[in-house]
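What follows is one structure encoded as structure tokens, with my remarks underneath.
Model, not experiment: these values are computed from the prediction. FYI, side chains are in, hydrogens and waters are out, and symmetry mates aren't considered; it's all heavy atoms of this structure.
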Amino acid sequence: MKEFTVVIVGGGPSGLAISALLTQNSISHTILEKEDCNASLWRKNAYDRLNLHLASEFCSLPLMPHPPSGPTYLTKDQFLQYIDKYVNHFDLKPRYYCVVESAKYNEVKNKWVVEVKNTLEGILEVYGAKFLVIASGENSEGFIPNVHGLGKFEGDVVHSKYYKSGSKYKSKDVLVVGCGNSGMEIAYDLQNWGANTSIVIRNPLHVFTRNMIRIGMRLVQHFPVYIADTIITILAKLKYGDLSKYGIYRPKDGPLYLKNITGKSAVIDVGTIEKIKEGSIKVVPSGIKKIEKKNVIFENNMEKEFDAIVFATDYKSVANEWLKDYKYALNEKGFPKNPFPKHWKGDHGLYCAGLARKGLFGVKKDAEAIAEDINQTLKLIK
């Protein structure tokens, strides 16, 4: 058994951030990453045109802020360059090809026992640790709803996790299901590539420019959330007008309030709204009832044939599949069982980072809280 004070599962931004902080405090630890690289979701499963929606001041990891002279909004490649610099600066060394098969808490020895399959060498490894950190991400696996007839759909079906660009869909009829940031940006990308694009928008949603969100995030550092919400909602109304005539309705509650309570983000508009207004992206105000060959029948009985369907329909955490004693920190869906802001801390030295649907800003806060808690716990033991 390989012994460490802390075992971190996941080599994305959360795992790297905690590793950097533990390194600063000389706490022995290791990162177990199932892929062959760090930040694999960003490197392998992000669509080509992806840019960070939040200003760089809200997208840094602990101990290394972005320089004020740098770009306000980072591209995917710029963010990955930052990750590479971060890993090199703190000399972080994730163990790649390490797929965690089970993690259990041994109450007799008061430690976590983690069984790992090393897929590079084809061997089973066992790790022991006083603390275990779940940093495998909230976007582990794409979720596609169980739609009647989907299995026999005669076109392409892809989850947004695996969508790269709309280049192969020129002149094709494509339906996007899901109207969060991924769905709206993918619809924009598809239309730019010449696809005949439709998007399902069933629920109310907030739409802002990224500068409006930046204003809101700055305001909320000094004023109550409702004041920030009121100001940026007025700005959105002035820019976009009444969107209900296009099938888009605003929620009654404010965007930052909803983010805090539900984890659901407002839509950061990349140009999709203008394309909806001009009619080049069609809004379908109803969910899918069933699919027959290429024909999609909606709940409002509208029918249309499509060549492809892109599901931008959320992700699911898979931590519960390997974490046998998940009840110490997670609920049945693999997300924190404890309410914000103590969501990151479980029992028996179990922590979860980056699972609160707070984006990179939340990743930084979680990492700092977890590393400090481990540091203070170790001081008490000594």
Side-chain angles (χ1 to χ4, degrees), residues 8-21 31 33 37-47 49-68 70-87 89-90 92 94 133-140 160-161 180-182 185 208-218 220-221 255-256 258-260 262-268 270 314-315 317 335-336 340-341 343-344 351-372:
I8 302 165
V9 180
S14 295
L16 297 174
I18 293 166
S19 180
L21 291 164
I31 303 173
E33 169 55 51
C37 61
N38 61 58
S40 63
L41 188 69
W42 290 86
R43 296 184 195 279
K44 296 182 176 183
N45 298 122
Y47 42 91
R49 61 163 283 114
L50 178 68
N51 293 312
L52 272 68
H53 289 137
L54 296 184
S56 59
E57 65 199 88
F58 301 111
C59 293
S60 63
L61 299 183
L63 307 172
M64 189 183 283
H66 296 288
T72 303
Y73 298 97
L74 303 178
T75 65
K76 176 183 72 171
D77 289 341
Q78 287 170 333
F79 181 67
L80 286 172
Q81 289 168 13
Y82 168 78
I83 290 289
D84 290 338
K85 182 180 176 183
Y86 194 84
V87 169
H89 180 79
F90 294 106
L92 308 182
V133 182
I134 309 158
S136 48
E138 62 188 46
N139 294 344
S140 301
S160 55
K161 178 178 179 178
N181 277 301
S182 293
E185 187 157 1
F208 298 95
T209 66
R210 57 190 185 180
N211 276 331
M212 290 175 192
I213 291 295
R214 186 186 188 194
I215 290 168
M217 291 185 73
R218 284 182 166 181
V220 85
Q221 294 175 352
L256 300 177
L258 285 174
K259 179 67 176 174
N260 286 340
T262 68
K264 186 175 176 61
S265 298
V267 169
I268 312 295
V270 296
D314 216 347
Y315 290 80
S317 166
F335 287 97
F340 183 85
H343 57 281
W344 51 269
Y351 300 92
C352 52
L355 290 178
R357 295 188 169 105
K358 302 287 182 183
L360 289 167
F361 186 64
V363 163
K364 180 174 183 285
K365 295 293 186 185
D366 286 358
E368 290 169 342
I370 291 167
E372 179 61 18

Answer yes or no: is there a side-chain heavy-atom contact under 4.5 Å between Val270 and Arg210?
no
List the residues meeting side-chain contact (heavy atoms from CB on, under 4.5 Å) with Ser60, not counting sequence neighbours, and say none if there are none.
His66, Tyr82, Lys364
Side chain to side chain donor-acceptor pair (under 3.5 Å) partners of Lys264, counting only residues at least two apart
none
What heavy-atom pair brings Pro13 and Leu360 nearest, and what distance separates the two atoms?
CB-CD2, 4.0 Å
Closest approach of Val363 to Ser14 (non-hydrogen atoms, all atoms of both residues)
CG2-OG, 3.4 Å
Side-chain heavy atoms of Leu80 within contact of Arg43, under 4.5 Å:
yes
Could you tell me the separation between the OH atom of Tyr351 and the CG atom of Asp366, rounded to the nearest 0.5 Å?
12.5 Å
Would you name the heavy atoms of Cys352 and His343 that are closest together and state the gap between them?
SG-O, 3.3 Å
Rounded to the nearest 0.5 Å, how far does CD of Glu185 lie from CD1 of Ile268?
10.5 Å
What pair of heavy atoms forms the shortest contact from Ala17 to Tyr86, and how long is it?
CA-OH, 3.7 Å
Identify the heavy atoms of Ser19 and Ile8 that sit nearest to each other, and give their distance.
N-CD1, 3.9 Å
What I'd like to find out is whether the side chain of Leu50 reaches to under 4.5 Å of the side chain of Trp42, using heavy atoms alone.
yes
Would Arg357 pass as a cation-pi partner of Phe335, given that its NZ or CZ must be under 6.0 Å from the six-membered ring centre and within 45 degrees of the axis?
yes
Separation of Leu21 CG from Ile370 CD1 (nearest 0.5 Å)
10.0 Å
Which pair of non-hydrogen atoms, one from Ala266 and one from Ile213, has the smallest distance, and what is that distance?
CB-CD1, 4.5 Å
Counting only heavy atoms not in Lys365 (residues, nucleotides, ligands), do more than 12 fall under 6.0 Å from its NZ?
no
Would you call Leu16 and Pro94 a side-chain contact if the rule is heavy atoms closer than 4.5 Å?
yes
Spell out, as yes or no, whether a donor-acceptor pair under 3.5 Å connects the side chain of Ser265 to the backbone of Gly180.
no
Heavy-atom count check: over 12 atoms from other residues, nucleotides or ligands less than 6.0 Å from Lys44 NZ?
yes
Check for a donor-acceptor pair, side chain of Thr262 on one end and backbone N or O of Leu258 on the other, with a separation under 3.5 Å.
yes
Working to the nearest 0.5 Å, report the span between OG1 of Thr72 and CG of Leu54.
12.5 Å
Student check: side-chain heavy atoms of Asn181 and His53 closer than 4.5 Å:
yes
CD/Glu368 to CD1/Ile18 distance, rounded to the nearest 0.5 angstrom?
10.5 Å
Evaluate the side-chain proximity of Leu74 to Phe79: yes if any heavy-atom separation is below 4.5 Å, no if none is.
yes
Just verifying a value: how many Å separate Lys259 NZ and Lys358 NZ, rounded to the nearest 0.5 Å?
6.5 Å
Do Arg218 and Phe58 have side chains that approach each other closer than 4.5 Å (heavy atoms only, starting at C-beta)?
yes
For the residue pair Asn38 and Leu92, establish whether any side-chain heavy-atom pair is separated by less than 4.5 Å.
no
